[in-house]
Amino acid sequence: MDSKTIFDKIWDRHIVVNIPEGPSALYIDRHFIHEVTSPQAFGGLKERGISVFRPEKTVATPDHNVPTINQHLTIHEELSRVQVDKLTENCRDHNITLYGLNNPFNGIVHVIGPELGITQPGMTIVCGDSHTSTHGAFGSVAFGIGTSEVEMVLASQCVLQSKPKKMRINIDGDLQRGVASKDIILYIISQISTGGATGYFVEYAGSAIRSLSMESRMTICNMSIEMGARGGLIAPDEVTFEYIKGREFAPKGEQWDQKLEFWKSLPSDPDAAFDKELFFRAGDIEPMITYGTNPGMGTGISGKIPSLQEIDNASRNSFNKSLEYMGFSPGEAMEGKKVDYVFVGSCTNGRIEDLRIFASFVKGKRKADNLTVWIVPGSRQVERQAEKEGIRKILEEAGFEMRQPGCSACLAMNEDKIPEGKYAVSTSNRNFEGRQGPGARTMLASPLTAAATAITGRVTDPRTFL
Amino acid sequence: MPIEKFTTLISECVPLPIENVDTDQIIPARFLKATTREGFGENLFRDWRYDKTGKPKEDFVLNSDRYSGEILVAGKNFGSGSSREHAAWALKDYGFKIVASSYFADIFKSNSLNTGLLPVQVSESFLARLFELLDTDPSIKVKVDLENQLISILPDGPQENFEINTYKKNCLLNGYDDIDYLLSIKAKISDWEKRMVI
Ligand code: SF4
C-alpha cells in the first residue's frame with residue numbers, strides 16, 4: 001500500500017498547493033534559462049513591476065543563437081546579438097548567474113547543468129526548452145515549459161501543472177555491438193510514434209538502461225519529448241552518484257551523505273503502479289537512421305523505408321509529403337544514400353563521450369571528400385576535455401575540424417545552416433522540415449553511425465567496420 | 001497581464017489536414033529572434049506559406065481565397081516538438097482564436113491556454129467529418145461554446161463535447177492569469193521552502 005513511483009515521490013513532495021479540479025502549484029528547485037525563450041518573460045515581470053522571487057535558483061547561458069567560430073568577437077548577426085545582450089542585461093538586473101559566451105562554463109543549457117553538478121536526483125527542474133527532459137537521466141523531474149511558465153517561475157519559483165500519467169518503458173538484455181543509446185531511443189520512438197507518449201511522464205528501466213553510462217542515459221531522456229512525453233527519467237544508482245561526486249556544484253562533506261541517503265530513497269517501489277508499461281528487447285535494436293520528417297520515421301540502418309501499403313490510409317498524405325520533402329521513395333534502402341553534411345553535436349550527442357566515440361572511429365582514417373562535417377562540442381568544458389585527451393588532434397589528422405560550443409546546426413538559428421536540398425546525417429534530435437536550415441534534409445543517427453558516414457560519404461552501417 | 005476573455009465563437013474555418021504539424025513548421029527557429037511577443041503572425045507557417053523569394057505559395061491554404069476564419073482545423077498531433085510559446089503567439093497574432101485537432105502535443109496545449117488561444121480536442125471521426133464538409137463547402141461555420149464545452153458544425157452538423165481543465169476554463173472565461181494566482185500564494189510558497197530542507 002502507498003507504493004510510489006520515483007516520479008510520484010518527487011512530484012508529490014514539490015506540491016505547494018493543489019487547486020481543486022485544477023493544476024497544482026509545483027515548486028521548482030532549478031530553473032535554466034537561455035536567450036530565446038526568456039526575454040518576453042522578463043518583459044512580463046517588468047510590466048507587472050515585480051522582481052525575480054528566487055534569483056539564486058535560476059542559471060542562465062546563451063546557446064541557441066551563438067556563432068560557433070570567433071566567439072571572442074562581437075556577434076555578427078544583429079538580432080542574435082540583441083537577444084544575447086538582452087539575456088546579459090536581464091541577468092545583471094535580476095542577480096541571476098550567467099555563464100556568458102566567454103565564460104569557461106558556457107555551453108548548451110542541457111549539457112552544462114549536469115556537468116556542473118547543478119542537476120541532481122530528486123529535483124524538479126524546468127527550462128523554456130523542450131529538451132529539459134535530458135536532466136531526468138539523474139532521477140529528477142525535468143520538463144520543458146513555455147515562456148509564460150518561465151515568467152511564472154521567475155515570479156514565484158512555481159509553475160502550475162497538472163500531473164501527467166505514468167509510463168514505464170523497460171529495455172532488457174544486451175545491446176548488439178555498434179548500437180548506442182541514441183539507437184535505443186530512436187528505436188523506441190519508431191515503435192510508438194511521435195505522439196506515443198503524449199500525456200505521460202516516462203520512466204526508463206531494465207537491464208539495458210542500467211548498464212548505460214550517465215551520458216548515454218542523458219541521450220535517452222533527452223529525446224523523451226520526441227515521442228510526446230512530458231519528460232523522461234531514470235532512477236539514480238551508483239553510476240549517477242559517481243558522476244555527480246566532485247563536480248562544481250555537487251554537495252560536499254556531510255551534505256553529500258545526507259543527499260545520498262535521500263537519493264537512494266527515490267527509486268520506484270517494487271509494486272508501484274504505472275498507467276502504461278512497455279517492454280523492448282535490447283538485442284532487437286540495430287543502429288538506427290531516420291528517413292522522414294519526424295523522429296518517429298526511423299528504421300534499422302539495414303532496413304528500408306516502408307512501402308505505401310504499410311502505411312495507414314489516413315496517414316498516407318502526410319507520409320508522402322514527408323518523403324517528397326526528403327527526396328526519397330517508399331520501399332528504398334537507406335544504406336548507401338548520398339550525404340552532403342554530417343553534424344555531430346547538440347544536447348543529444350554533443351558530450352565528451354560522443355566526441356570520444358566519433359574520434360576513436362575516425363582515428364587513422366580520412367574524411368570523405370564530398371562532405372562538410374561540423375563537430376560542435378556541447379560546452380566549453382567538453383571542448384577543453386577534448387583538447388586534453390588529444391581528440392582535437394585526432395580529428396584534425398583525419399581531416400575534421402572542431403568548432404566552438406553552442407546549439408549550432410541542431411536548430412540552425414546561427415550561421416550553421418544545412419543548405420536547401422542537401423542531405424545531413426545529424427546526431428541531433430529533430431529531423432523536422434527546415435529544422436537544420438530552410439530546405440535541409442536531415443537523417444538522425446548516433447555518433448558512431450555519423451562517424452562511419454563521415455568516412456565513406458554515404459549512409460553507412462558502422463558495424464561493417466567493427 | 002490578464003489574457004483576453006473567451007466565451008463563444010462562431011467562425012469559418014481554415015483546414016490544414018496534415019498530421020504531426022510541429023512547432024518548427026508553425027514558426028521556424030530563425031524567426032524566434034524577437035524579444036517581444038508581437039509580430040510573429042507574419043511568419044506563421046513561413047516555409048509552407050512562402051517560397052524562397054518570399055512569394056506566397058498558391059497551394060498553401062493560408063494563401064487561398066477559398067478559406068478564412070478564426071478557427072484552424074489541423075490533422076492529429078498538432079504542435080509537437082519545441083516548447084516555443086512563439087508558436088501559439090504566431091497563431092494568435094495571425095488572427096486564430098481556436099485550433100481544433102484530434103490530438104495536441106502537451107506543451108503546445110499549455111502554451112496555447114496561457115496565450116488565450118483555445119485548443120479544442122475533437123474525436124477522429126468529428127475531425128474527419130469536418131475536413132470533408134470544409135472540402136465541399138468552405139463557407140460552413142463552426143461554433144465553439146466554452147462554457148458548455150461544446151463544438152458544433154453549423155447549422156445542423158454534428159456536435160461534440162470537448163475536455164478542458166476546469167481551472168483553465170475559468171481563467172479563459174474570466175480573463176484570469178496564472179501569475180496573479182501564483183503571486184497570491186507567495187506566503188504558502190515561502191512556507192513550503194521552510195519545510196523542505198533537502
Ligand atoms: S542543442 Fe538543439 S535541442 Fe538542444 S537545446 Fe539546443 S537547439 Fe534545443
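Every chain is numbered from 1 and lettered A, B, ... according to where its sequence line falls, protein lines coming before strand lines. This one's a predicted model, so the numbers in the text were calculated from it and none came from an experiment.
- No part of A:Glu35 comes within reach of chain B, as not one of its non-hydrogen atoms sits under 4.5 angstrom from that chain.
- Proximity to chain A (any heavy atom under 4.5 Å) is shown, for B:Leu32, by both the backbone and the side chain.
- There is no contact between B:Lys168 and chain A, counting heavy-atom distances below 4.5 Å.
- Between chain B and the options A:Gly22, A:Ser156, A:Gly122, the largest number of non-hydrogen pairs under 4.5 Å is found for A:Ser156.
- Going from atom OG of A:Ser408 over to atom CG of A:Asn414 covers 5.0 Å, rounded to the nearest 0.5 Å.
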Run the side-chain hydrogen bond (donor to acceptor under 3.5 Å, both in side chains) check on A:Gln83 and B:Thr35 step by step: do they pass? CA-CA 7 Å; A:Gln83 250 185 2; B:Thr35 50; over 6 Å; no
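- Both the backbone and the side chain of A:Leu411 come within contact range of chain B, with heavy atoms under 4.5 Å apart.
- Neither the backbone nor the side chain of A:Asn317 comes within contact range of chain B, judged by heavy atoms closer than 4.5 Å.
- Only the side chain of B:Asn20 comes within less than 4.5 Å of a heavy atom in chain A; its backbone stays farther off.
- A cation-pi arrangement is absent between B:Lys109 and B:Phe104 under the rule of less than 6.0 angstrom and at most 45 degrees off the ring axis.
- Contacts between B:Gln25 and chain A at a heavy-atom distance below 4.5 Å involve the side chain alone, from C-beta outward.
- Ranked by heavy-atom pairs under 4.5 Å with chain A, the list B:Asn111, B:Asn77, B:Asp106 is led by B:Asp106.
- Atoms CZ and OG1, on A:Arg435 and A:Thr293 in that order, are 13.5 Å from each other to the nearest 0.5 Å.
- For a residue to count as touching a neighbouring chain, one of its non-hydrogen atoms must lie under 4.5 Å from one of that chain's; by this rule A:Val17 touches chain B with the side chain only.
- In this structure, B:Tyr103 has its ring center at least 6.0 angstrom away from the ring center of B:Phe78.
- Between the CZ atom of A:Arg316 and the CD1 atom of A:Ile311 there is a distance of 8.0 Å, given to the nearest 0.5 Å.
- In this structure, chain B has no heavy atom under 4.5 Å from any part of A:Ser38.
- Ranking B:Asp191, B:Thr36, B:Asp47 against chain A, the residue ahead of the rest is B:Thr36, based on heavy-atom pairs under 4.5 Å.
- Between the side chain of B:Asn174 and the backbone N or O of B:Tyr176, no donor-acceptor pair lies under 3.5 Å.
- Contact count against chain B (heavy-atom pairs under 4.5 Å) is highest for A:Arg230 among A:Arg230, A:Gln255, A:Gln157.
- Comparing B:Gly81, B:Ser80, B:Pro17, B:Ala88 by heavy-atom pairs within less than 4.5 Å of chain A, the highest count is held by B:Gly81.
- Between the CH2 atom of B:Trp89 and the CG atom of B:Asn114 there is a distance of 10.5 Å, given to the nearest 0.5 Å.
- Only the side chain of A:Phe53 has a heavy atom closer than 4.5 Å to any heavy atom of chain B.
- Side-chain rings of A:His14 and A:Tyr27 stay apart, their centers remaining 6.0 Å or farther from each other.
- Salt bridge status for A:Arg48 with B:Asp177: present, with a side-chain N to carboxylate O gap under 4.0 Å.
- Taking chain B as the reference chain and counting heavy-atom pairs below 4.5 Å, the highest number among A:Gly228, A:Ala155, A:Cys127 is found for A:Ala155.
- In terms of heavy-atom pairs under 4.5 Å with chain B, the best-connected choice from A:Gly434, A:Ala25, A:Gly199 is A:Gly199.
- Separating the OG atom in B:Ser82 from the CG atom in B:Asp22 is a distance of 9.0 Å, to the nearest 0.5 Å.
- Contacts of A:Ile145 with chain B are made by backbone atoms alone, with heavy-atom separations under 4.5 Å and no side-chain atom involved.
- Top candidate by heavy-atom pairs under 4.5 Å with chain B, chosen from A:His64, A:Gln40, A:Glu21, is A:Gln40.
- With chain B as partner, the option from A:Arg430, A:Lys86, A:His131 having the largest number of non-hydrogen pairs under 4.5 angstrom is A:Arg430.
- Once rounded to the nearest 0.5 Å, the distance linking CZ of B:Arg49 with OH of B:Tyr94 reads 5.0 Å.
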